Amino acid sequence: MIGKEITIALSGNPNSGKTTIFNNLTGLRQHVGNYPGVTVEKKTGVIKYKGYRINVVDLPGIYSLTAYSLEEIVARNFIIDQKPDVVVDIVDSSNLERNLYLAVQLMELGAPLVLAFNMTDVAKKSGKKIDISFLSELFGIPIIETVGSRGLGSDELLEAVIKVVSSRKRKEKKVEVKYGEEVENEIGKIISVLKEEKVPVLKFDARWIAVKLLEQDRDVIDTIKKESGPEYSKIEDAVTGSINHITSILRDTPEIIIADGRYGFINGALMEAYKEVDPGKLDVSEKIDRVLTNRILGIPIFVLIIWLMFQFVFTLGKYPMGLIELGFEKLSVLITEIVPQGLISSLLVDGIIGGVGGVITFTPNIILLFFAIALLEDSGYMARAAFVMDRIMHKIGLHGKSFIPLIIGFGCTVPAYMGSRILENRRDRLVTMHINTFMSCGARLPVYILFAGAFFPAIAGNVIFSIYLIGVLMAVIMARVLRATRFRGESEPFVMELPSYRIPTLKGILIHTWERTWMYIKKAGTIILAISILMWMLFTFPMIGNNYSTDYKGQVNEVEQSYQSGEITERELDESIAVIEAKMAGERLANSAAGRIGRFLEPVFRPLGFDWKMVVATISGIAAKEVVVSTIGTLYSIQEANGQSNSLKTALYKNYHPLVGYNFMLFTLLYFPCMAGMVMFRKEAGTKEMLFQIGYTFLLAWAISFLVFQIGRLFI
Ligand code: GDP
Ligand code: MG
């Protein structure tokens, strides 16, 4: 029997029945003394059970592990320093929310844990019925129901303890409470400072220390101060910076925010685990949640809120967007006037303003969308939305939390990829990222506006809506496919934090809005600028010189002569010259590198109904989707290359069948978002996944467009 000695520690809130259970377990074989060095009563007992010698230690009754009281420090240090094989947390299950607060902290500490749901006789009368086995699965921790006063559940408790001990080697799922983006970012910063300074605190986990430092836990601060020596000031600076940052944005100290986070975790878990609830026993926030996360009402409410959000974004966004467009037009005119016509002027106007301007023009919509999302997130509603969507998302093999990055994807895919970080499971995260591209981003909208306006002017809105819908449908299908193939495997249940509702602070919302908008703008200033210049070069060189197929100069001379001899009016002269110039421009383009590439690749796209110009536009869309519009504009040599341009719409209408127009929108929707997006994808998921994303979305776009064109042409 040697080596089968186990130490278990009993923890729990005062009055949870700890002493009762201790007595049940140990009978009379117990010993009372003091913890070494402190005058806190220490009771220990030894029992023999199934060949195990089990030492039971009764820890002081506490509500929390925050190191405010001697009892808390004693309990915590015992768990950290003595490393009991199992901590049995006695929970008063008639007062779960409050009692689980300690349990969650024990989980965060990473202690091997068994929960004893005591007082179940009282709880049964309370009107809230809990699915214990589900809750146990959510926490990844065994839960045993006990009635201490009647000695029920003691054997089951010991069985669970032995099971935990014998399965110790298996890596247990560690519960991690997420404290929201703001706090999580600061935790990340503190962890990296701790790692940089190589603080030798191996017995703790870095995340736990970072959280404790944010909570200003005196005991942990002292330990870190001792361990890190002169380097402590750097850590202190980082922590102070983080505390100030969090306090100024969320208007509460990290300590409070973190406590809220734990309660959010508990509420989320309980909300999922409640089987039936007596409505009379709910508090205000719970009552609001009963409506917002209601099985029947939850989804319509959510759809309404999202609809209002898009309404707000597009109605309000129109005005500044128009102004910015006008600004760029004026700027183009100004440059044409100051800079002599030639390569430089063309580079500035067609290359840089055409490319970068297209991205900037869309910024107001992006800002408004991110503002609305930040409002929903900071008020606590987004967590409820994720909760409501959870059941639906599970049907496609995803989790409710995936839902938030997917919504962000309607704005811009770049921050959406970053937002996927809230999913702790890698498989969930990757599937969410791989389907995010189908959430049609803001940059694709100008393309739809142009094409739907050109081919389906009477029903443009519905046509655009259909594209968005196909995107969502595609996301659903691909999520299932990816789940069944590359990312197979059960998605383990995890708790979705339900933070308490709070009135968002303006500062917090502005900062969140700005952080995401900045990512969008940054791509305009960096990647899109570079790509625009590159595209311009591809479109400009090699120059045709005077090697036109037709004598255009002669044609111009001819019409000028007819004008001088009075055969045609001045207007007719201008029109004729414009036609000739457009032909010249077309020939220049066909001769350019882009034109050659387009022609070279045309056979690949012909089965989709695309001609070389569409191929070139598609290629330019790799840089950023909104560039497609300006490229098409350039290809048809029409100056005012924006979605409003009627002449461009006419040109498109004359050149393509509406089926091809629709197909082009589909293709634009489906192939991977853009260069900036791929850079972020690589950063978040690695090169291999990025290449997979590019490859599979491109093949998918081709396949779908192929089917639509081939089937569609049978009917036209
Ligand atoms: P401690 O402060 O955690 O050590 O709690 P105690 O063991 O002293 O128990 C507090 C009170 O709760 C005592 O009166 C116990 O008899 C009672 N008690 C303990 N377990 C149960 C239970 O499962 N059901 C009910 N109804 N009472 C219990
Ligand atoms: Mg007691």
Side-chain angles (χ1 to χ4, degrees), residues 7-35 38-47 54-79 82 84 86-107 109 111 113-133 135-136 141-161 266 270 273 278 281:
T7 301
I8 64 176
L10 299 187
S11 70
N13 291 13
N15 275 323
S16 60
K18 229 153 34 60
T19 303
T20 312
I21 289 192
F22 179 84
N23 290 339
N24 290 347
L25 291 175
T26 58
L28 293 173
R29 297 172 294 271
Q30 42 186 278
H31 171 80
V32 180
N34 278 335
Y35 287 92
V38 285
T39 54
V40 173
E41 187 184 86
K42 181 192 192 190
K43 272 199 297 185
T44 57
V46 182
I47 43 173
I54 305 178
N55 301 308
V56 187
V57 180
D58 190 14
L59 295 178
I62 51 176
Y63 292 106
S64 161
L65 290 178
T66 43
Y68 269 132
S69 64
L70 190 56
E71 282 77 11
E72 289 180 353
I73 295 176
V74 165
R76 195 168 83 182
N77 288 349
F78 185 85
I79 294 167
Q82 308 299 316
V86 180
V87 176
V88 176
D89 186 37
I90 316 289
V91 170
D92 173 357
S93 50
S94 67
N95 190 2
L96 263 186
E97 286 88 340
R98 174 142 191 210
N99 275 253
L100 282 176
Y101 190 74
L102 177 64
V104 166
Q105 287 181 298
L106 289 166
M107 292 177 206
L109 196 58
L113 201 60
V114 170
L115 295 184
F117 273 23
N118 196 31
M119 311 263 184
T120 42
D121 54 332
V122 185
K124 294 235 159 74
K125 292 179 202 133
S126 81
K128 290 184 184 178
K129 303 258 180 315
I130 288 256
D131 183 344
I132 302 257
S133 65
L135 196 62
S136 158
I141 286 169
I143 301 178
I144 308 298
E145 292 181 275
T146 59
V147 183
S149 49
R150 282 193 270 136
L152 299 179
S154 298
D155 283 354
E156 288 84 346
L157 209 50
L158 290 174
E159 288 296 332
V161 164
I266 293 166
L270 291 180
D278 176 353
K281 300 216 157 71

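FYI, the numbering just counts along the sequence from 1. Just so we're clear, the structure is a prediction, and the values are computed from it rather than from any experiment. Start at 1 and go down the list; that is how both ligands and their atoms are numbered. The analysis underlying the following values was restricted to heavy atoms, covering all of them including side chains, and did not include hydrogens, waters or symmetry mates.
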Please report the interatomic distance CG(L115) to CG(L113), rounded to the nearest 0.5 Å. 5.0 Å

Any side-chain heavy atom of N13 within less than 4.5 Å of one from R98? yes

Which is closest to atom 2 (O) of ligand 1 in terms of heavy atoms, D92, D58, L10, N15? N15

Is V161 close to V88 at the side-chain level, that is, under 4.5 Å between some pair of heavy atoms? yes

Honestly, for T19 the part within reach of ligand 1 (heavy atoms, under 4.0 Å) is both

List the atom of I90, the atom of N99, and the distance in Å for their closest heavy-atom pair. O-OD1, 4.3 Å

Of the listed options (I90, N118, T146), which comes nearest to atom 20 (N) of ligand 1 when hydrogens are ignored and any heavy atom counts? N118

Among G61, S149, S93, closest by any non-hydrogen atom to atom 28 (C) of ligand 1: S149

By number and element, which atoms of ligand 1 are closer than 4.0 Å to a non-hydrogen atom of K18? 1 (P), 3 (O), 4 (O), 5 (O), 7 (O)

Just distances here: any N/O of T120 and N/O of ligand 1 closer than 3.5 Å? no

Looking at ligand 1, does any of its N/O atoms fall within less than 3.5 Å of an N/O of V122? no

Take D58 and K42 through the test salt bridge (Lys or Arg N to Asp or Glu O under 4.0 Å) and record every step on the way to the result. CA-CA 7 Å; D58 190 14; K42 181 192 192 190; over 6 Å; no

Tell me the contacting part of N13 for ligand 1: side chain, backbone, both, or neither, using a 4.0 Å heavy-atom threshold, strictly below. backbone

Just heavy atoms, cut-off under 4.0 Å: does V147 contact ligand 1 by side chain, backbone, both, or neither? both

Just so I know, are the side chains of V114 and V87 near enough to count as touching, which here means a heavy-atom distance under 4.5 Å? no

Got a second to check how far L10's CG is from S16's OG, nearest 0.5 Å? 9.5 Å

Residue pair T146 / F117, side-chain heavy-atom distance below 4.5 Å: no

Does ligand 1 have a heavy atom under 4.0 Å from the side chain of P14, from its backbone, from both, or from neither? backbone

For ligand 1, is S16 a contact, meaning one of its heavy atoms is under 4.0 Å away? yes

